[in-house]
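Just so it is clear, the values below take in all heavy atoms, side chains as well, and ignore hydrogens, waters and symmetry mates.
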Amino acid sequence: MSENVIHLFKEPTNAPQEPSPALAAAVAAPAAEKPSVPLWVRSARGIRTVATHDHTKTACRATARHGLYVLGGTRIVARRTWEGRTASRYERLLRAAEAAGNMEAAAEWEERGQRFRQERHRRRMDLLTAPMDAAKGIAAGAGIAAGGLLILGIMLAVANKDFSDVAAPTMALIELVRWIIFIITVTWGPLVTLGPWAVLFGLWAVGKHQQAAPQWALPANVRSSDGEPITPSIVVLALRNLGIAPLRNAIKDMGDAGASMLGPIRIAGCGVEVDVTLPSGVSTNEIQGKRRKLAENLSRHEHEVFITIPQAARTVRLWVADSGALDEPIGPSPLTTDDTLTADYAKGRAPWGQDLRGDAAAISLYQRHLLITGLSNQGKTVALRSLALWLALDKSVQFLMGDLKGIGDWNMFDGLATTLIQGPTDDHVIQVTEMVEGAVDEMNRRLQAPPGTKFPALVVLVDEAQVAFMCPVKDDEKRPYGGSKANSRYFMAVRKIHNQGRAVNVLMWQGTQDPTDQNLPKLVREGAHTRASLALGTESQARMALGDKAVDGGAAPNLLRPGLDRGTLVVASDGIDIPAGQASITVRTHYIDDDGAEAITDRAKALRDGVTTLHVIDRGEERDALADIAGVIGDAKRVFTQDVLQRLAVLSKDSYGKWTHADLKRVLDGTAAEPYKSDGRMVIGRERVIRALANRDTDGSASASQ
């Protein structure tokens, strides 16, 4: 057995044992490793923990809140007392009426204040003679009382046959007075003790009822006012706290707390609307520049408050949405819910969506060029397409379409549009440009027609038009397809349609992204009668999209939230009902998905005889005229000769752009497919042309080179 084991079994002794060096080192090591923390540091940490604890903060906030309730209640009671004793109330109301320009009310309040002063003077004069009148009254009352008590005593003495009863009523009165004094003496101490506390409690109750404490001291459920109803006091308080010194001072001087500035608060759709007449020295653009702060003062998000300028001078119109209401989707489009719905280009209005009031927003497209712009992926194509879908339900309307994005957003118009070009390349831009130029030729032909000739609507629609404006390609004559110069082909074609197209129902519709002077020239922007914008990045872009007048009048597509306000448009047009005095209206458009759009175009195709859609415009090649005529007729039984010429020109401008009725007749003569009259108009029959194709010789005699 080792020595260590033997050592464990030794008898303990009373002598102190020295620890071994190893044990001493092992015990001392941990103590040496732990740094000693001073007591004051530990105390400070504990105090900081207690001071920053949520319970401590809540207790301090509650203490401050209830103390401030007393101070606020004292201020409110003192002000009420002062107003009751002086003419300050009438003075404030007089100044408010003068500030509002209501001189009738000002005169009335001045008269009331004068009457108050006269009555107050009379009361003060009465106080001078009150002591003498009181003394006389007391003396007279005492004499009457003494006489009454004496008579009562005599009556008691006679009745009881006891002379001492004469003094009994007087002694009873003296005893009553003694008891009253005794009761007052007993209760005076508690009353003196409790009286101040009762007054303090009353002041606290007044302050609590009026929430007379700063926001930081109020409970969380009071400080959070999401969804709080809009009241006159809330609106005035929000205006007063905008940080505009003249407005704040004017509200203080008004006396009625600024209520005279406000018109009636009206329910308007999913929110409320109120007109605010600003005092002198405050401009409407100052209020518009404080939109975010005003919205936060009203406990709303910035996008839930709209500021417009009505006709009245020095007036702003506030529309305040119910909290969260604008984030709720609107209902489906009537185009998808009503299978019997049709369109009327001249007299009808397209159901586009809802305005902020929740009312249906419908727009007239009659002889109005259209421009829709906005950031990418905000619903521009869907908004533009919904108008085309409605107009397609008028079977007289013709479409020439170019989609320079080319991802199939307009596929449903295949078989409905005369031309449908889809793709983002330079070659697609060239074809779209020639399509627009073909529409210019058709416009010129219509302009030279006899006066009074009626023409069906021809809508030339180009989506993602910024691709065309920024195309760098030049033609054989060194003329650029893009750009904004006088020799730019796409730009000049659009300008020509803008200048004269509406007179003969040739309309230009364009959708474009992120407007700048490079991808959307000024002359093209200003040529559109209907201008609409989704969310944009800057105010300068908003001015490009809608014009200075609309933006100065309160239009602010740059304040829409990208992504969250997808499909929300700010529209400036005389084709839509805009509230009086405003230059624009905000519309939340209906969303029609691809399946819904397919169903609508199927209904539109059923209204027509059949349309052969061209997807490529051929240029400069030898063509088979008879085959092209059969192609443009498509599935229709017969087509007007004028429509055949127009479709041929779109098919190949080089081959058919200058064709007349004589050229068409020349090609069809001798083929048994000559034009003939139907209902008084010259037409070409499909079956005759197909028969002529089957029976013709194989020597190419029907080619365009003849």
Considering non-hydrogen atoms only, spot the tightest contact between L461 and A388 and give its length. CD1-CB, 4.2 Å
Would you check, one step at a time, whether the test side-chain contact (heavy atoms from CB on, under 4.5 Å) holds for I585 with D577? CA-CA 8 Å; I585 186 173; D577 292 333; over 6 Å; no
Is there a donor in the side chain of D514 and an acceptor in the side chain of Q541, or the other way round, less than 3.5 Å apart? yes
Please check if the side chain of R266 supplies one atom and the backbone of V272 the other of a donor-acceptor pair under 3.5 Å. no
Between the side chains of N505 and Y366, does any donor sit under 3.5 Å from an acceptor? no
Compare all side-chain heavy atoms of M261 with those of L247 and state whether any distance is below 4.5 angstrom. yes
Please say whether the positively charged group of R317, taken as NZ for Lys or CZ for Arg, lies over the ring of F306, i.e. under 6.0 angstrom from the six-membered ring centre and within 45 degrees of the axis. no
Under 4.0 Å between a side-chain nitrogen and a carboxylate oxygen: does that hold for R300 and E296? no
Salt bridge (charged side-chain N to carboxylate O under 4.0 Å, His left out) between K290 and E286: does it pass, once the steps are laid out? CA-CA 7 Å; K290 298 279 188 176; E286 289 181 278; over 6 Å; no
Pick out which of E110, Q118, E111 makes a side-chain contact (heavy atoms from CB on, under 4.5 Å) with Q114. Q118
Under a 4.5 Å cut-off applied to non-hydrogen side-chain atoms, are F116 and H121 in contact? no
Evaluate the side-chain contact (heavy atoms from CB on, under 4.5 Å) criterion for residues N297 and L237: first the C-alpha distance (whole Å), next the side-chain angles of each, then the deciding distance (0.1 Å), finally the verdict. CA-CA 8 Å; N297 290 348; L237 186 63; over 6 Å; no
Indicate yes or no: at least one non-hydrogen side-chain atom of L335 is less than 4.5 angstrom from one of L341. yes
Answer whether the closest heavy-atom distance between the side chains of T373 and L546 falls below 4.5 Å. no
A side-chain contact here means heavy atoms from C-beta on lying under 4.5 Å apart; do Q367 and Y345 qualify? yes
Ignoring hydrogens and angles, state whether a donor on the side chain of T381 or D463 is under 3.5 Å from an acceptor on the partner side chain. yes
Tell me the side-chain hydrogen bond (donor to acceptor under 3.5 Å, both in side chains) pairs involving residues 528-537, sequence neighbours left out? T530-S573
Student check: side-chain heavy atoms of T538 and N558 closer than 4.5 Å: no
Counting distance only, does the side-chain N/O of R502 pair as donor-acceptor with the main-chain N or O of L507 below 3.5 Å? no
Apply salt bridge (charged side-chain N to carboxylate O under 4.0 Å, His left out) to D517 and list each qualifying residue two or more places apart in sequence or on a separate chain. R525
Does the side chain of Q288 reach to within under 4.5 Å of the side chain of I309, using non-hydrogen atoms? yes
Begin with the C-alpha distance, continue with both residues' side-chain angles, and end with the deciding distance and a verdict on salt bridge (charged side-chain N to carboxylate O under 4.0 Å, His left out) for R543 and D552. CA-CA 9 Å; R543 292 184 180 276; D552 291 338; 2.9 Å; yes
Look at R588 together with D355 and state whether they make a salt bridge at an N to O cut-off of under 4.0 Å. no
Please enumerate all residues that pass ring pair (Phe, Tyr, Trp, His ring centres under 6.0 Å) together with Y591, with sequence neighbours excluded. none
Salt bridge R115-E119, side-chain N to carboxylate O under 4.0 Å: no
Quick one, T231 and V235 - any side-chain contact, counting heavy atoms below 4.5 Å? no
